[in-house]
Amino acid sequence: MEKRWKLPVWDANTVLQLQSSLKVNTVICQILVQRGIDTFEKAKQFFRPQLSDLHSPWLMKDMDLAVERVLRAFHIKEKILVYGDYDVDGTTSVACMFRFLQSVHPTVGFYIPHRYREGYGISQQGIHYAKENGFSLIISLDCGIKSIELIQYAKELSIDFIVCDHHLPDNQLPPAVAILNPKQINCNYPYKELCGCGVGFKLITALSEKLGLAASISYEYIDLVACAIAADIVPLTGENRTLAYFGLKKVNENPCVGIKALLQLAGMQKEIHINNLVFIIAPRVNAAGRMDDAKKAVQLFIEKDMQAALQLAEMLHNDNTDRKEADTTITAEALTIIENDINHIHKKTTVVYQEHWHKGVVGIVASRLIEKHYRPTIVLTKSGAYITGSARSVAGFNLYEAIYACRDYLMGYGGHFAAAGLTLKAENLSAFSQAFETAVNETIDPNLLIPEICIAAEVQLKDITLGFYNIICQMEPFGPENMQPVFLIKNLIDTGYSKIVKEEHIRFVLKQNNQTITGIGFNMAHLFPLLAAQKLIDVVCTIDLNEYMGEKNLQLRVIDVKPSA
């Protein structure tokens with residue numbers, strides 16, 4: 001699949017000024033300036049985050065009301081129910097809040113709705129559970145901002161709500177005692193991009209302060225906050241970066257028993273980076289909700305005994321194995337459907353449906369199909385009497401608006417710019433597919449149908465030293481808005497030693513002037529003729545450290561190759 005290379009833009013004067021104060025390689029300064037780090041002070045805060053950089057929780061709208069209501073519950077010995085969503089952000093939020101409250105209050109419970117029986121967010125079943133079990137205060141985490149009717153219903157049953165959420169609020173807000181959400185209008189909290197667990201963490205911090213507890217108490221949960229930040233794809237800037245930085249430090253030094261059990265089961269012995277949280281912790285936690293019941297993810301994160309934690313981790317691990325099998329099978333079936341559709345090549349969208357597909361993995365399958373056929377994609381399956389499914393977008397295209405344009409054919413839909421869920425009647429499937437194709441066709445910029453690689457800087461092979469690599473490593477943790485830098489290296493030539501490995505990958509050995517470097521390119525065997533032609537090539541890549549037989553060498557992780565201009 002052809003890719004667009006997007007070259008970086010920066011202000012040369014700002015780079016010069018930063019370089020004169022930082023005294024590091026100009027390329028590093030170019031990358032920093034592109035990321036808004038354009039002064040010595042900002043660079044210092046970026047490279048040396050401090051817990052003291054975190055904002056006061058009291059800056060958040062309604063924080064005083066939330067704290068007051070929780071303290072009243074403590075005083076009159078009310079039962080408090082901690083309620084969260086079934087994904088990583090929801091389950092870690094609930095685990096943090098439950099563990100903290102349980103350490104200071106005797107009667108705390110938690111509730112995670114079942115993905116298929118109750119759906120996302122606050123459910124009537126959850127409110128009935130609270131009523132039947134005598135809970136008169138519910139703290140909702142990572143959900144609740146849109147649950148106006150249900151929170152009103154709870155109020156009529158004499159159950160109060162404190163909502164901790166980070167999703168974009170509508171004009172009308174639920175009738176909760178307090179709403180903690182930095183994205184709500186007239187909230188002066190300086191950082192708007194916290195995840196649900198981050199908002200919950202702020203409430204824990206404020207409660208700790210009010211109860212006169214040591215600051216270190218709230219940092220007990222920072223490893224779980226880092227897992228939520230990693231999994232929820234929130235920007236790794238500002239406060240999120242500080243929380244992720246110190247959360248990873250805790251994951252490596254003394255994580256909670258649940259994280260330790262998951263890492264042990266996955267055989268992780270080396271230093272943990274943020275991508276390990278994304279690819280090891282997150283899929284196993286998410287799989288619990290996709291394949292079975294996410295309550296066991298919370299049980300894992302609140303468990304104190306290692307043996308019990310290992311048993312729970314094993315369950316999550318098995319759910320993830322089932323998820324992988326379903327995901328692989330369905331992806332293969334979906335690709336076959338696409339390949340047998342002679343019209344697909346002319347379409348701007350992909351819509352596939354089979355009634356037997358597992359609805360817990362259709363969103364993942366949609367993302368897999370985009371890797372192969374890069375266009376807005378919807379994967380649908382049967383659920384009871386209706387068809388339901390997940391949609392995923394390509395970078396830069398507002399998928400939600402395209403689905404909204406087809407709402408006449410839908411029974412329900414929800415989501416955001418890049419992802420959405422929808423439900424429809426079987427008889428509307430064909431009309432909906434055509435309407436979706438039309439909506440996308442009319443609004444998408446054709447360039448958005450070619451994947452884009454954002455290049456951070458152009459370098460020469462002589463720039464790639466251990467010192468340069470070490471500074472790049474100090475830019476971690478990487479994630480949205482602080483991605484691992486991708487480099488362009490022009491006018492390289494194959495040394496004649498490059499080769500195809502395992503029929504799919506390329507082991508590169510490349511030269512520029514009199515410097516040589518090795519590299520690996522996964523699933524790039526089809527590009528080997530470019531090397532064999534012995535002509536100059538341009539490469540985009542990240543820089544890695546390869547450790548083999550005790551020796552450490554820098555190598556390129558090649559993302560794409562083109563003939564030099």
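Computed from a predicted structure; not experimentally measured. Numbering starts at 1 and runs along the sequence shown.
Within a 6.0 Å sphere centred on NZ of K42, heavy atoms belonging to other residues, nucleotides or ligands number more than 12. Dense packing is recorded around CG of L22, with more than 12 heavy atoms of other residues, nucleotides or ligands lying under 6.0 Å away. Other residues, nucleotides and ligands contribute at most 12 non-hydrogen atoms within 6.0 Å of the CE atom of M483. Around atom NZ of K79, more than 12 heavy atoms belonging to other residues, nucleotides or ligands sit under 6.0 Å away. Within a 6.0 Å radius of CZ in F417, more than 12 heavy atoms belonging to other residues, nucleotides or ligands are found. The number of heavy-atom neighbours closer than 6.0 Å to CD1 of I185, taken from other residues, nucleotides and ligands shown, is 12 or below. Around the CZ atom of F47, the shell of radius 6.0 Å holds more than 12 heavy atoms that belong to other residues, nucleotides or ligands. Within a 6.0 Å radius of NZ in K295, other residues, nucleotides and ligands contribute more than 12 heavy atoms.
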Name the atoms and distances for all side-chain donor-acceptor pairs under 3.5 Å in residues 468-476, with sequence neighbours left out.
from : atom 1 : to   : atom 2 : distance (Å)
N470 : ND2    : L466 : O      : 3.3
E476 : OE1    : H273 : ND1    : 2.9

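Residues C96 and C197 are in side-chain contact: their nearest non-hydrogen atoms beyond the backbone lie under 4.5 Å apart. Side-chain contact between L194 and L243: present, with at least one pair of heavy atoms (C-beta onward) separated by less than 4.5 Å. Here the side chains of L65 and I162 are not in contact, with every heavy-atom distance at 4.5 Å or above. Side-chain atoms of R241 and F46, non-hydrogen and from C-beta on, do get closer than 4.5 Å to each other. By the 4.5 Å heavy-atom criterion applied to side chains, R323 and I364 are counted as neighbours. For the pair L263/I272, a side-chain contact is recorded, criterion being any heavy-atom separation below 4.5 Å from C-beta on. By the 4.5 Å heavy-atom criterion applied to side chains, N276 and V251 are not counted as neighbours. The shortest side-chain heavy-atom distance between L316 and K296 falls under the 4.5 Å cut-off.
A salt bridge is absent between E156 and K131: the closest approach of a Lys/Arg side-chain nitrogen to an acidic carboxylate oxygen does not fall below 4.0 angstrom. By the 4.0 Å N-to-carboxylate-O rule, R72 lies too far from E68 to be salt-bridged with it. Taking a cutoff of 4.0 Å between a charged side-chain nitrogen and a carboxylate oxygen, D319 and R290 do not qualify as a salt bridge.
A distance-only check finds a donor-acceptor pair linking the side chain of K23 to the backbone of S20 [under 3.5 Å]. At least one donor-acceptor pair under 3.5 Å links the side chain of D62 to the backbone N or O of I179. For H105 (side chain) and E78 (main-chain N/O), a donor-acceptor pair under 3.5 Å exists by modelled atom type. Looking at D89, its side chain never comes within 3.5 Å of a backbone N or O of D232 through a donor-acceptor pair. The main-chain N or O of G479 is never found under 3.5 Å from a side-chain atom of N482 such that the two would form a donor-acceptor pair. The main-chain N or O of F135 is never found under 3.5 Å from a side-chain atom of N133 such that the two would form a donor-acceptor pair. Here the side chain of N240 pairs a donor or acceptor atom with the backbone of P235 at under 3.5 angstrom. At least one donor-acceptor pair under 3.5 Å links the side chain of K192 to the backbone N or O of P182. Distance alone, capped at 3.5 Å, is enough to place a donor-acceptor pair between the N398 side chain and the Y400 backbone. A distance-only check finds a donor-acceptor pair linking the side chain of R284 to the backbone of I280 [under 3.5 Å].
Pairing each heavy atom of V278 with each of A230, the nearest pair is CG2-O, 3.6 Å. Between A95 and F301, the shortest heavy-atom distance links the atoms CB-CB, 3.5 Å. A pairwise comparison of heavy atoms in P255 and K260 identifies CG-CB, 4.2 Å as the closest pair. Here the closest heavy-atom approach between residue V234 and residue I229 is recorded as CG2-O, 3.7 Å. For P376 against V394, the heavy-atom pair with the smallest separation is N-CG1, 3.9 Å. Across G196 and S93, no two heavy atoms sit closer than the pair C-OG, 3.5 Å.
Donor-acceptor pairing under 3.5 Å is recorded for the side chains of S383 and K359. Side-chain atoms of S123 and Y83 form a donor-acceptor pair, as typed in the model, at a separation below 3.5 Å. Residues Q34 and Q30 have side chains that never bring a donor and an acceptor to within less than 3.5 angstrom of each other.
Atom CG of L157 is separated from atom NE2 of H128 by 6.5 Å, given to the nearest 0.5 angstrom. Here the CZ-SG distance, from F201 to C164, works out to 13.0 Å after rounding to the nearest 0.5 Å. How far CD1 of I204 is from CZ of F100: 6.5 Å, rounded to the nearest 0.5 Å. Atoms CD1 and CD1, from I138 and I127 in turn, are 6.0 Å apart once rounded to the nearest 0.5 Å. To the nearest 0.5 Å, atom CH2 of residue W58 and atom CG of residue D64 are 7.0 Å apart. If you take CG on D292 and OH on Y86, they are separated by 14.5 Å, rounding to the nearest 0.5 Å.
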Are V67 and L203 close enough, and set up right, to give a side chain to side chain contact (heavy atoms under 4.5 Å, CB included), and what steps lead you there? CA-CA 7 Å; V67 168; L203 176 54; 4.1 Å; yes
Would D160 and K155 satisfy salt bridge (charged side-chain N to carboxylate O under 4.0 Å, His left out), going step by step from the backbone distance to the final call? CA-CA 6 Å; D160 281 345; K155 200 175 171 181; over 6 Å; no
Passes side chain to side chain contact (heavy atoms under 4.5 Å, CB included), N275 versus F478? Steps please. CA-CA 8 Å; N275 57 338; F478 296 126; over 6 Å; no
Worked check of side chain to side chain contact (heavy atoms under 4.5 Å, CB included) between L54 and K202: CA-CA 10 Å; L54 297 176; K202 288 285 151 187; 4.2 Å; yes
Between L173 and I145, does the side chain to side chain contact (heavy atoms under 4.5 Å, CB included) criterion hold? Intermediate values first, please. CA-CA 7 Å; L173 293 172; I145 197 71; 4.0 Å; yes
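With K250 as reference, N254 is the one residue of N252, L248, N254 to meet the side-chain contact (heavy atoms from CB on, under 4.5 Å) rule.
Checked against the 6.0 Å centroid threshold, H55 and Y189 count as a close aromatic pair.
For the pair R99 and Y221, the NZ or CZ position fails the cation-pi test of under 6.0 Å to the six-membered ring centre and within 45 degrees of the ring normal.
Listed by first then second residue, pairs satisfying salt bridge (Lys or Arg N to Asp or Glu O under 4.0 Å) with a partner in residues 133-146 read K146-D170, not counting sequence neighbours.
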